[in-house]
Amino acid sequence: MNLPIYMDNASTTRTDPRVIEAMLPYFTEIYGNSASRNHAFGWAAEKGVELAREQAASLIGAGPKEIVWTSGATESNNLAIKGAAQMYAKAPMGETGRGHIVTCIIEHKAVLDPCKRLEREGFDVTWLDPGADGIVTAEMVAGALREDTILVSIMWANNEIGTINDIPGIGAVCRERGVVFHTDATQWVGKMPTDVEKDNVDLLSWSGHKIYGPGGVGALYVRRRRPRVRLQAQIDGGGHERGMRSGTLNVPGIVGFGAACAICSEEMETERERLLALRLKLENELKSRMDVVEVNGHADRRLPHLTNISFGFVEGESLMMGIKDIACSSGSACTSASLEPSYVLKGLGLGDELAHSSLRLSLGRWSTEEEVDFAIDAIHKAVEHLRALSPLYDLHNEGVDITKIEWQTH
Ligand SMILES: *Cc1c(COP(=O)(O)O)cnc(C)c1O
């Protein structure tokens, strides 16, 4: 077993060597511009792109003409959300009452920020609060819809806690009311079976680097029939991708994206069963060895490979320091300079304390049982060590309810 161990697959994944192999010729031999229609170099590149389009479409039950290539899920989300809002706006830019959008407070920033911008630009946004289990239901969405609702954007599975929303149900509600439905499926697609027809999805974002493909390439599914969905382009310049996303295509990246999708289609079933067993072992062992250990979010409606666990009476950053051999994420938004507690965990109702004492562990294609066993031991040891230094943990063991302590603040 090699150290450190990678348990941060929800952040990004290692590119599958088979994907790299598929990409390589497109750097060196098949280097044409896929938009060059008048020579063999262009045709060969285009052939690679179109195969990838079929592979991507096939993974989600779509048609190849419904796939728009982007630079990643962030761009896909921006194109879907801003593109639909601008296309279906009820009043022009600069006026209020341009239309109503429904989303949720624990979405990825790549959904929250475009929605916030639209709010500043005259759209009304309803920010659903999923409550303690982190699940957005079809009823919640139905209850939020208005006469002037033009777009609903709800993620398929949450990137911090792995909870799974009722996408087919939400999609059915939107379809019935004639509202465009977008889902950020970055953590779902490639890991779990997806069928945009059966699941009533109109727009769906995903990303190469979360499914063992290359970074910097993503896709947006845009429904073409029943109903046809139209988007306002966000990048102009040549009219590539049916006018929705201009720019010379990243041919090797797209070929790699397609290959990654094909491997996921092939191996998803066995992979998810294997990872589910490992994740359950991880959670169950940690919970049985220690007290005040909580898995965050709904108990069952969750991705097989991802868990988010709070360890009471330890501070997440110190815990991370104590488990240096395990690469994972903490419940603090350590991407920002200030150590803010995760807005997702706070959205579930966790206090700052518990949010800060959380770890996100996400397994992947190369995770082994040996690594999981190592992680269990290492986390157990680190938590015990930190708790041994914690006067609050002593009080807790003496039966004091520390939530009832009145601290002197001066
Ligand atoms: C990673 C992630 C994104 C951003 O994807 P990029 O391809 O890195 O832009 C968006 N949404 C979710 C849910 C993610 O997990």
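Atom set for the values below is all heavy atoms of this structure, side chains included, hydrogens, waters and symmetry mates excluded. Atoms within a ligand are numbered from 1 in the order they appear, just like the ligands themselves. All residue numbers refer to positions in the sequence shown, counting from 1.
- Residues meeting the salt bridge (Lys or Arg N to Asp or Glu O under 4.0 Å) test with R98, sequence neighbours left out: none.
- Applying the ring-ring contact (aromatic ring centres under 6.0 Å, His included) criterion to H396, with sequence neighbours excluded, gives F313, Y393.
- Looking only at atom types and distance, the side chain of T13 has no donor-acceptor partner in the side chain of H209 under 3.5 Å away.
- A salt bridge between R289 and E285 is present, with a side-chain N of the basic residue lying under 4.0 Å from a carboxylate O of the acidic one.
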Could you give the N/O to N/O pairs under 3.5 Å linking ligand 1 and the protein, each with its distance?
unit_1: ligand 1; atom_1: 7 (O); unit_2: A73; atom_2: N; d: 2.9
unit_1: ligand 1; atom_1: 7 (O); unit_2: S207; atom_2: OG; d: 2.6
unit_1: ligand 1; atom_1: 7 (O); unit_2: H209; atom_2: NE2; d: 3.4
unit_1: ligand 1; atom_1: 8 (O); unit_2: H209; atom_2: NE2; d: 2.8
unit_1: ligand 1; atom_1: 9 (O); unit_2: T74; atom_2: N; d: 2.9
unit_1: ligand 1; atom_1: 9 (O); unit_2: T74; atom_2: OG1; d: 2.6
unit_1: ligand 1; atom_1: 11 (N); unit_2: D184; atom_2: OD1; d: 3.4
unit_1: ligand 1; atom_1: 11 (N); unit_2: D184; atom_2: OD2; d: 2.6
unit_1: ligand 1; atom_1: 15 (O); unit_2: Q187; atom_2: NE2; d: 2.7
unit_1: ligand 1; atom_1: 15 (O); unit_2: K210; atom_2: NZ; d: 2.7

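- For K381, the side chain to side chain contact (heavy atoms under 4.5 Å, CB included) criterion is met by no residue, not counting sequence neighbours.
- Residues N158 and T163 have side chains that never bring a donor and an acceptor to within less than 3.5 angstrom of each other.
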